[in-house]
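What's counted below: heavy atoms across the whole structure, side chains too, no hydrogens, waters or symmetry copies. Small disclaimer: the values here were computed from a predicted structure and weren't measured.
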Amino acid sequence: MKKWIGAAVLVVVLVSLAILPVSASPKPEGWQGPAGGSKPLENPGAAAKGYQEGKPEKSPQTIDGNRGQGQDKPLLAFPVISDVHVQWWHEPSQTKFANALNDLHAINPDADALVINGDLGDGMPADYDKLAELLRQTPHPNKMFYTIGNHEFYKAWHDADGNWNSDTYPNGESDQDSINRFLNFTGENKVYHDAMVKGYHFIFLGSEQYRQTDPSNLEDAYLSDEQLDWLKKTLKKGAGSDKPIFVFLHQPLPYTVSGTSFCCVNNRAIIQHEALKSILSDYPQVIFFSGHTHWELKLPGTLVRDKFTMVNSSSVVQPWTDDGNGGEMLAGPDDSEGLYVEVYKDKVRIQGRDFYRKQWVPEAQFTIPVQK
């Protein structure tokens, strides 16, 4: 997984390394970047040309004209996508992101919110500019939420010329610089915050440190005591209700959802994972969404229940899969996936979506009863 893939097309490095900028010099074969990352990206084929064939397969609950016929209308509907990795120079990532938004809009043009759960780009100012441009050009819900991923800190791996340069890391960049750019883009005051959407509680968590503060952080999420204390208090707001509570963090808890046995260097992915799991375990109505692993949705472990529910959201830009031999490998180069969530009075329905083929992932259709 750490070799070049498709060297005649694009240089591929561990997804903990972003794809190298156009101006960057090729790296020697077998070269690696920072340890503890997630996945490499590959140049998509048909997706790079804008896959537009066929009509999207809609959810049974959201087909126009069929709402209320055998199914109640959902009280809340929102997609969750992650690992979009939009980079200013990389057209395939831009095309896949736009295709995902268009497909989700066709499924339900009236979705109540959209969550992008980390790894928006590579933390470069031009990446944020390109992402904002795509959002202006492509239909999506008015209410947008974001979490910070490890790739939001990656400007530190680029030198003043925009080239990937690990020799000069951190290239004058502090981890707070990366956080500030993320907050400026999202309009939030902190990387952790909460919101109410149609009476349902959304809680967003985020890493507050990268390697500049502590090299041993690697690509893991660092949650301060202040953030964890805030989470305890914030969860209590809905403790008396049977409504689900939706919690979002880019990195997953170790050894839970699919792919976490590969991303959890030092048996983690979240540095304070024991404290976080202990807090969430007091709330069986929590549904915890994570990305980072890129593992495709058809695999076992997309949804895991252990006192609360945990869900993997795959990747818009490049899903990965089990290689059947105890390892992992790239899924199809055109593949692109995410989740679509509907909330009813008595259940939460989570559906895996294949954005390339514009169809549902049959192995990733989940119904979670609302706790009474």
Donor-acceptor contact present, side-chain [X] to main-chain [Y], <3.5 Å:
X: Asn184; Y: Asn180; result: no
X: Gln272; Y: Leu223; result: yes
X: Asn171; Y: Ala156; result: yes
X: Ser314; Y: Pro319; result: no
X: Ser290; Y: Asn312; result: no
X: Asp103; Y: Ala100; result: no
X: His250; Y: Thr147; result: no
X: Asn163; Y: Asn165; result: no
X: Glu328; Y: Asp323; result: no
X: His273; Y: Arg268; result: no

Between [X] and [Y], is any pair of side-chain heavy atoms under 4.5 Å apart?
X: Val247; Y: Tyr283; result: no
X: Ser336; Y: Val316; result: yes
X: Glu152; Y: Asp119; result: yes
X: Val86; Y: Asp127; result: no
X: Thr309; Y: Val348; result: no
X: Phe97; Y: Thr138; result: no
X: Asp129; Y: Trp88; result: no
X: Arg353; Y: Trp360; result: yes

Consider only side-chain heavy atoms of I, L, V, M, F, W and Y, link residues closer than 4.5 Å, and tell whether [X] and [Y] are in one cluster.
X: Ile148; Y: Leu253; answer: yes
X: Leu297; Y: Leu299; answer: no
X: Leu330; Y: Trp295; answer: yes
X: Tyr344; Y: Ile368; answer: no

Q: Let me see the working for His140 and Leu104 under side chain to side chain contact (heavy atoms under 4.5 Å, CB included), right down to the final yes or no.
A: CA-CA 8 Å; His140 59 82; Leu104 290 167; over 6 Å; no
Q: Sort and list the pairs that fulfil salt bridge (Lys or Arg N to Asp or Glu O under 4.0 Å) and have at least one residue in residues 360-371, not counting sequence neighbours.
A: none
Q | Check against side chain to side chain contact (heavy atoms under 4.5 Å, CB included), Leu231 and Leu276 | A | CA-CA 9 Å; Leu231 176 62; Leu276 177 60; 3.5 Å; yes
Applying salt bridge (charged side-chain N to carboxylate O under 4.0 Å, His left out), name anything that partners [X], two or more places apart in sequence or on another chain.
X: Lys190; answer: Glu226
X: Lys243; answer: none
X: Lys237; answer: Asp194
X: Asp322; answer: none

The criterion is side chain to side chain contact (heavy atoms under 4.5 Å, CB included); which residues satisfy it with [X], sequence neighbours excluded?
X: Ser178; result: Phe153, Glu173, Arg181
X: Leu75; result: Tyr200, Lys345
X: Glu274; result: none

I need the minimum non-hydrogen distance between [X] and [Y], along with the two atoms involved.
X: Gln365; Y: Pro362; value: CG-O, 3.6 Å
X: Pro300; Y: Ser258; value: O-CB, 3.5 Å
X: Pro252; Y: Val257; value: CB-CG2, 4.1 Å

Measuring from atom [atom1] of [X] to atom [atom2] of [Y], what distance do you get when rounded to the nearest 0.5 angstrom?
X: Thr234; Y: Gln227; atom1: OG1; atom2: CD; value: 10.0 Å
X: Gln285; Y: Ile245; atom1: CD; atom2: CD1; value: 4.0 Å
X: Thr367; Y: Gln351; atom1: OG1; atom2: CD; value: 8.0 Å
X: Leu303; Y: Phe288; atom1: CG; atom2: CZ; value: 12.5 Å

Q.
Is the distance between the ring centroids of Trp320 and Phe262 under 6.0 Å?
A.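 When the ring centroids of Phe262 and Trp320 are compared, they turn out to be at least 6.0 Å apart.
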Q) Are the aromatic ring centres of Tyr146 and Phe185 under 6.0 angstrom apart? A)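 Judged by ring-centre distance (under 6.0 Å), Tyr146 and Phe185 do meet the cut-off.
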Pairing residues for [X] by the ring pair (Phe, Tyr, Trp, His ring centres under 6.0 Å) criterion, not counting sequence neighbours:
X: Tyr169; result: Trp157
X: Phe308; result: none
X: Phe248; result: Phe202, Phe204, Phe289

Q | Thr213 versus Asp175, side-chain donor and acceptor atoms under 3.5 Å | A |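 Note: Asp175 and Thr213 side chains meet the donor-acceptor criterion.
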Q | Glu296 versus Thr321, side-chain donor and acceptor atoms under 3.5 Å | A | yes
Salt bridge check: are [X] and [Y] linked by an N-O gap of less than 4.0 Å?
X: Arg136; Y: Glu133; result: no
X: Glu342; Y: Lys347; result: no
X: Asp334; Y: Lys96; result: no

(Q) Set out, in order, the CA-CA distance, both residues' side-chain angles and the distance that settles side chain to side chain contact (heavy atoms under 4.5 Å, CB included) for Met144 and Ile116, then state yes or no. (A) CA-CA 8 Å; Met144 297 285 296; Ile116 304 181; 3.9 Å; yes
Q: With salt bridge (charged side-chain N to carboxylate O under 4.0 Å, His left out) as the test, would you mind laying out the steps for Asp282 and Lys307 before giving the verdict?
A: CA-CA 8 Å; Asp282 288 337; Lys307 297 185 180 179; over 6 Å; no
Q | Connected hydrophobic set around Ile271, excluding itself, where side chains approach under 4.5 Å | A | Tyr222
Q: Decide yes or no on side chain to side chain contact (heavy atoms under 4.5 Å, CB included) for His294 and His85, but give the supporting numbers first.
A: CA-CA 11 Å; His294 287 226; His85 292 278; 3.4 Å; yes
